Amino acid sequence: MAHELTSPSLSDSARSCERPSRPGWWRDAVIYQVYVRSFADSDGDGIGDLRGARERLPHIAGLGADAVWLTPFYASPQADGGYDVADYRAVDPVFGDLADADDLVRAAHGLGLKVIVDIVPNHTSDRHPWFLQALAGIGRDRYVFRPGRGPGGAEPPNDWESVFGGPAWTRVADGSWYLHLFAPQQPDLDWTNAEVRAEFDSVLRFWLDLGVDGFRIDVAHGMVKAEGLPDIGHGQQAKLIGTQRLPFFDQDGVHEIHRGWRRLLESYGPDRIGVAEAWAPTPERLALYVRPDELHQAFNFQFLNCPWDATALRAVVDDSLRATASVGAPTTWVLSNHDVVRHSTRYGSPARARAGALLMLALPGSAYVYQGEELGLPEVVDLPDEARQDPAFLRGDGQDGLRDGCRVPLPWTQDGPSYGFGPGGSWLPQPPQWQALSVEAQSADPSSTLELYRRALGVRRDHPALGAGEAVEWLDGLPEGVLAFRRRPEGLGGEGDGGEGGAVLVTLNTTDREVELPLSGAPLLSSAPPAPVLPSPAAEFTDRAAQGHNVRVPADSCVWWAI
Ligand code: BGC
């Protein structure tokens with residue numbers, strides 16, 4: 001089977017066919033996350049790079065995504081997979097150079113894909129020139145340096161813990177301490193410093209001038225710390241994180257920074273966006289990040305964290321939609337990313353993962369797809385310790401320390417070194433079972449997860465009721481564990497004619513049994529693959545729907561119906 005490589009001249013042809021932007025494109029966009037070091041490797045060093053990503057862009061365009069988000073590819077010692085930036089305007093040689101970044105942006109635009117890049121403003125690398133100067137006693141007020149407590153200042157300035165484990169403070173040679181909410185190689189910047197703000201405005205302009213369409217803002221909830229850096233209380237942090245505001249997360253002061261960035265983005269026109277990676281304790285607090293004068297999107301981690309439970313899922317959907325509607329913003333759904341266990345493993349089965357994807361893609365708003373979820377990749381849970389690179393793992397007791405398992409390089413082909421990831425090996429070992437999950441193996445197999453995603457994004461595009469449509473209308477009185485809701489295109493009062501662009505009914509069965517529902521509709525797409533011997537569910541649904549009978553919905557499935 002042919003590889004999906006593009007010719008080296010793609011960039012030139014791309015320039016000639018750039019598509020005009022759809023206003024508000026981001027409101028219902030499907031955005032594909034490329035974790036650059038694990039996506040595609042062009043030079044055989046085992047680490048993905050920008051050229052490799054450019055060559056594989058047709059996969060993303062062919063899937064039907066609207067945009068790509070690229071994780072950090074800037075100059076970095078890679079103490080945290082590039083989230084430790086030493087030069088925000090340079091590409092790390094391991095990923096290529098600025099010309100590669102430029103080529104990638106142009107090639108993506110040529111394929112109709114927007115490009116969002118990561119920006120890491122909470123902290124720099126400890127190799128950033130500013131931090132090297134700070135160690136030498138110059139410009140320390142760009143970071144958070146404080147004297148220690150206790151005899152001789154030998155205790156950290158407060159009781160904050162690093163997200164990766166251990167104290168959030170490290171002592172330097174002259175006896176003072178600096179703050180790092182993440183690894184010691186990631187010193188926190190002090191955002192009360194005007195020079196820090198001006199520098200990031202300049203960095204954003206640098207990438208906007210290069211043509212990027214927006215930024216995913218790393219730790220968008222962390223840049224401002226509570227006045228006086230108060231203690232949290234012994235042993236409290238782990239209990240409170242995620243459920244309450246902490247003195248270093250979700251402080252009100254961050255919003256003024258985001259307002260400034262919104263103005264900066266708008267000075268480049270209405271189409272450049274900011275998406276907040278913000279962990280807020282409630283949907284209401286999260287919605288503050290997407291007020292009309294702030295960022296455009298904020299990842300809905302409450303949805304990501306929700307278990308495979310119909311009641312809980314319905315509550316999260318309702319709470320999220322209510323909160324974002326209160327500020328006039330769409331909701332931004334996500335199930336997987338480079339920091340969490342893949343949802344195929346979290347949900348406990350590939351069938352549920354496929355159903356979860358169809359649920360997500362049927363909800364109003366934007367959706368992010370993490371590379372490899374379209375292949376149904378599971379978390380790799382048995383990586384050898386010596387292969388792991390997550391600083392959380394290396395520091396021992398922070399987070400879960402297991403983020404390498406969702407970062408294993410993608411399998412593209414059934415044969416060849418690293419299953420087509422690149423001409424050499426891969427920086428994390430790929431399980432042999434991934435041969436059968438490769439893009440090549442799944443392409444053209446109608447029962448594959450890859451084909452399901454391709455069809456889902458196509459149907460979503462043809463049916464504005466999905467994504468862009470009006471609010472979710474729940475149907476009540478269904479069996480336990482089963483949800484159903486209608487989506488109508490904007491401005492359409494009654495039900496559609498069942499054809500393209502009409503209203504859509506979505507059924508979600510989270511139980512392990514097939515259920516019969518008193519509903520009718522013509523099946524558009526089902527997450528459950530056709531049974532090998534029995535008539536396919538689609539045929540079954542069609543006959544029954546045509547006769548106005550109940551429909552049978554497979555276990556652990558999501559089905560879209562035209563109504
Ligand atoms: C990124 C992580 C990173 C952390 C520190 C996160 O939110 O997604 O991968 O380790 O920020 O930059």
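All ligand and atom numbering here is 1-based and tracks the order in the structure. Just so we're clear, the structure is a prediction, and the values are computed from it rather than from any experiment.
Within the structure, the closest approach of H221 to ligand 1 does not fall below 4.0 Å when heavy atoms are considered. Heavy atoms of R407 approach ligand 1 to within less than 4.0 angstrom.
Between W191 and V254, every side-chain heavy-atom pair lies at or beyond the 4.5 Å cut-off. F145 has its side chain out of reach of L179: every pair of non-hydrogen atoms, C-beta onward, lies at least 4.5 Å apart.
Within the listing of ligand 1, atoms 5 (C), 12 (O) sit less than 4.0 angstrom from a heavy atom of H123. For ligand 1, the atoms lying closer than 4.0 Å to a non-hydrogen atom of D80 are 3 (C), 4 (C), 5 (C), 10 (O), 12 (O). The ligand atoms of ligand 1 that sit less than 4.0 angstrom from a heavy atom of V219 are 11 (O). Near R216, with a cut-off below 4.0 Å to any heavy atom, the atoms of ligand 1 are 1 (C), 7 (O), 8 (O). The ligand atoms of ligand 1 that sit less than 4.0 angstrom from a heavy atom of H338 are 1 (C), 2 (C), 8 (O), 9 (O).
In terms of protein heavy-atom proximity, atom 7 (O) of ligand 1 is nearest to E277 OE2, 2.3 Å. Looking only at heavy atoms of the protein, atom 9 (O) of ligand 1 is closest to D339 OD1, 2.7 Å.
When L181, D84, D218 are checked for heavy-atom proximity to atom 1 (C) of ligand 1, D218 turns out nearest.
In this structure, Y143 has its ring center no closer than 6.0 Å to that of Y178.
Proximity of F164 to ligand 1, defined as any heavy-atom pair under 4.0 Å, is confined to the side chain (atoms from C-beta onward).
D80 pairs by the side-chain hydrogen bond (donor to acceptor under 3.5 Å, both in side chains) definition with Q186, R403, not counting sequence neighbours. Legend: residues meeting salt bridge (Lys or Arg N to Asp or Glu O under 4.0 Å) with E284, ordered by chain and number and at least two apart, are absent.
H338 and W69 have perpendicular rings, their planes meeting at more than 60° on a 0 to 90° scale where under 30° would count as parallel.
At least one test fails for R146 against the ring of W169: distance under 6.0 Å to the centre or angle within 45° of the axis.
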